[in-house]
Each structure stands twice: as structure tokens, then as C-alpha cells.
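I have placed the structure first, in the form of C-alpha cells, so that the comments after it can refer back to it.
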Number of protein chains: 2
Amino acid sequence: MANSSQDATLADPNTRGSQEMAVVFAALSNPARIEILMHIAKHQCCGCKEITDVLPLAQSTISQHLKVLGEAGLITVETVPPRSRYQINEQLLRSISDTTHAFLNSCCKSDCS
Amino acid sequence: MANSSQDATLADPNTRGSQEMAVVFAALSNPARIEILMHIAKHQCCGCKEITDVLPLAQSTISQHLKVLGEAGLITVETVPPRSRYQINEQLLRSISDTTHAFLNSCCKSDCS
DNA sequence: ATCATTAATCGTAATTATACGATGAAGATA
DNA sequence: TATCTTCATCGTATAATTACGATTAATGAT
């Protein structure tokens with residue numbers, strides 16, 4: 001079933017193909033998810049409710065977005081019912097940041113006049 | 001109408017909100033589009049046909065992907081029928097690279113133990 | 001004039017994404 | 001035990017994405 005938050009196939013920037021990159025970008029392709037990510041980063045840790053209080057979306061929708069972010073490995077979850085604490089997966093995010101930077105820059109280093 | 005390749009609202013990294021970021025990430029959220037982008041970067045300039053020859057997708061599909069990449073501002077088009085030459089929008093891509101890097105890093109600079 | 005090449009667009013089908021309300025599960029508290 | 005809070009999941013409706021073949025448009029070559 002599905003890949004957990006710490007998926008080994010995403011650990012090494014150099015083994016990240018177009019498929020893996022697309023998954024990460026897809027997770028970032030929704031404005032609500034970007035806001036959620038920023039909110040978590042700002043508050044370091046937070047639960048679904050705090051985000052629901054701040055964004056104009058239903059709790060079930062937020063929960064679903066959190067799931068997508070988790071499956072892409074961008075955040076981690078720690079559940080102690082009835083609460084779930086979400087936080088940024090810093091290690092992976094840093095790796096993704098580097099990969100993205102390298103990828104985009106590799107598209108720019110030519111001189112097509 | 002719609003936004004052309006050099007959309008002023010995307011020119012400044014600091015004015016890029018979650019909505020604008022999501023558009024860029026959405027354009028990058030498809031493996032075929034990543035491959036297309038890499039192919040264009042590798043060959044500096046190329047037409048739809050060269051990409052169609054290399055990817056297992058129909059010409060109409062490639063053309064559609066190119067349109068998405070163009071609307072997101074990642075590539076520019078120069079059409080002299082019956083050809084269209086695509087190339088990387090380096091300036092915008094560099095700006096996007098910086099924005100993405102800054103955004104992802106801003107999510108990592110806390111210490112939530 | 002006819003044909004070939006290249007690429008955009010249209011129509012369409014299948015899949016995926018997004019959002020919601022309702023429900024269920026887990027534990028804390030009255 | 002009954003109630004509250006928090007969150008995940010289910011079912012569902014709507015919209016967007018992805019892909020294809022067919023068609024059209026523009027130009028160059030025969």
C-alpha cells in the first residue's frame with residue numbers, strides 16, 4: 001500500500017527521475033497545499049484543526065490535502081488519537097529543494113541566440 | 001488573451017503568491033512535461049516533431065503539453081509556419097528556481113524537536 | 001495544382017483531482 | 001455511560017487533466 005512519508009526511493013536526489021519529480025511537483029501544484037505547508041512551517045508543528053481554522057476549506061478537504069503532502073514525503077505525521085501532529089519533513093524538503101534547483105538551472109545553462 | 005510567456009506578474013520572485021507558485025508547479029507536475037523541458041534544454045531549440053519522435057505520445061498530446069509549459073511561462077514559442085521553435089524561458093526559469101529554493105528552504109529553517 | 005511536412009485545434013473518452021457532508025474511530029472528560 | 005474533540009475515511013458530485021484520432025492551416029517541394 002502507498003508509500004510512507006520516508007520513502008527510500010526519494011532519499012537520494014540523484015536517483016530522482018521525471019516520475020518522482022512529477023510526484024513532488026504535483027503535491028505542490030495546489031494553492032491550498034502550499035498554504036498548508038507554509039502554515040505548518042510557520043508553526044513548526046500543528047494539527048488538522050489549526051489549519052481548518054485558518055483556511056476556508058472543510059476539515060475533510062484539509063485532511064485530504066495533508067494526506068497528499070504526506071504521500072509525497074513533504075510532511076510527516078505523528079498520530080496520538082484523537083490528535084495528529086504534522087510537521088515538515090525537513091531532510092526530504094531540503095533534498096527536493098536541491099534537486100529542483102539543479103534541475104531548473106540545468107535547463108538554463110545554454111546560450112541559444 | 002490569457003497570459004503570454006513573459007507575464008509580468010511572474011517576473012518578480014517576491015510577488016509570487018501561492019496561486020502563482022501552484023501554476024508553475026502544476027506545469028511541472030507531469031513526467032512527460034519534465035522530459036519535454038529537458039529535451040528542449042538539451043537541444044536549446046526544437047520543434048514539436050523532434051519531441052514527438054522521442055516520446056511515446058501523439059503529436060497532438062505533445063503540442064498540448066507544450067502549450068501548458070508556455071502558458072506557465074517556462075518556454076517561449078516562435079512560430080514561422082509550418083514550424084514552431086520552442087526554447088527555454090531562461091530568465092523566468094531562473095527566477096522560478098530562486099523562488100522555489102527560497103520557499104522550500106523557508107519551510108526548513110525551524111527546529112521542531 | 002498537387003502533395004508533403006509541421007503544428008495547432010477540435011471533439012471525445014477515460015482518468016484523476018477537488019470539494020463537500022456524513023459517518024466512524026479513538027481517547028479525554030463530565 | 002454519555003458527551004466532546006479531533007481526525008480519517010466513505011460516498012458522491014463536479015471539474016480538470018490527459019490522451020487520442022481527425023481535421024485544419026500554412027508553407028515548401030514536386
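Chain letters run A, B, ... following the sequence lines, proteins first, then strands; residues in each count from 1.
- Interatomic distance, B/E35 CD to B/N30 CG, rounded to the nearest 0.5 Å: 10.0 Å.
- With rounding to whole Å, A/E50 atom CD is found 15 Å from D/dT5 atom P.
- At least one side-chain heavy atom of A/L37 sits under 4.5 Å from a side-chain heavy atom of A/I75.
- A salt bridge is absent between B/D98 and B/R94; no separation between the charged side-chain nitrogens and carboxylate oxygens falls under 4.0 Å.
- Annotation: proximity of residues 27-40 of chain B to DNA chain D (heavy atom, distance under 4.0 Å) is found for B/N30, B/R33, numbered in ascending order.
- Comparing the axis of the opening five pairs of the helix from C/dA1-D/dT30 to C/dA30-D/dT1 with that of the closing five pairs yields an angle of 0°, rounded to 10°.
- Among the atoms of the strands shown, only primed sugar atoms or phosphate atoms (P, OP1, OP2) are found under 4.0 Å from some heavy atom of B/P81.
- In this structure, B/R83 reaches the C/dA7 phosphate: one of its side-chain N or O atoms is under 4.0 Å from OP1 or OP2.
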For a side chain to side chain contact (heavy atoms under 4.5 Å, CB included) check, start with the C-alpha distance between B/N89 and B/L74, then their side-chain angles and the critical distance, and finish with the verdict. CA-CA 5 Å; B/N89 186 347; B/L74 297 171; 5.9 Å; no
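- One finds no side-chain N or O of A/H65 lying less than 4.0 angstrom from the OP1 or OP2 phosphate oxygen of C/dA17.
- Residues A/V80 and A/A26 each lie close to DNA chain C; by heavy-atom proximity, the contact nearer the 5' end of the strand is made by A/A26.
- Between B/R85 atom CZ and C/dT5 atom C1' the separation is 14 Å, expressed in whole Å.
- Rounded to whole Å, the distance from CD1 on B/I75 to C1' on C/dA7 is 13 Å.
- Under a 4.0 Å N-O distance rule, the pair A/E71/A/R33 does not qualify as a salt bridge.
- Annotation: side chain of A/T52 is not in contact with side chain of A/L57 (no heavy-atom distance under 4.5 Å).
- Counting to the nearest Å, the C1' atom of D/dT27 and the CD atom of B/E78 are 17 Å from each other.
- Judged purely by distance below 3.5 Å, without hydrogens or angles, the side chains of A/N105 and B/S97 pair a donor atom with an acceptor atom.
- Rounded to whole Å, the distance from NZ on A/K49 to C1' on D/dA8 is 17 Å.
- A 4.5 Å side-chain heavy-atom check between A/I62 and A/I51 finds at least one atom pair inside the cut-off.
- A salt bridge does not link B/K42 with B/E50: none of the charged nitrogens is closer than 4.0 Å to a carboxylate oxygen.
- The closest side-chain heavy-atom distance from A/M21 to A/Q19 is not below 4.5 Å.
- As judged by a 4.0 angstrom heavy-atom cut-off over every strand, A/L57 is placed among residues touching the sugar-phosphate backbone only.
- Between the C1' atom of C/dT18 and the CG atom of A/L55 lies a distance of 14 Å, rounded to the nearest Å.
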When you compare the protein's N or O atoms with those of nucleotides 8-14 of chain C, which come within less than 3.5 Å of each other, and at what distance?
{"unit_1": "C/dA8", "atom_1": "OP1", "unit_2": "B/S84", "atom_2": "OG", "d": "3.2"}
{"unit_1": "C/dA8", "atom_1": "OP1", "unit_2": "B/Y86", "atom_2": "OH", "d": "2.3"}
{"unit_1": "C/dA8", "atom_1": "OP2", "unit_2": "B/S63", "atom_2": "OG", "d": "2.8"}
{"unit_1": "C/dA8", "atom_1": "OP2", "unit_2": "B/Y86", "atom_2": "OH", "d": "3.0"}
{"unit_1": "C/dA8", "atom_1": "N7", "unit_2": "B/Q59", "atom_2": "NE2", "d": "2.9"}
{"unit_1": "C/dA8", "atom_1": "N6", "unit_2": "B/Q59", "atom_2": "OE1", "d": "3.0"}

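- Atom CG of B/D53 and atom C1' of C/dT5 are 12 Å apart (whole Å).
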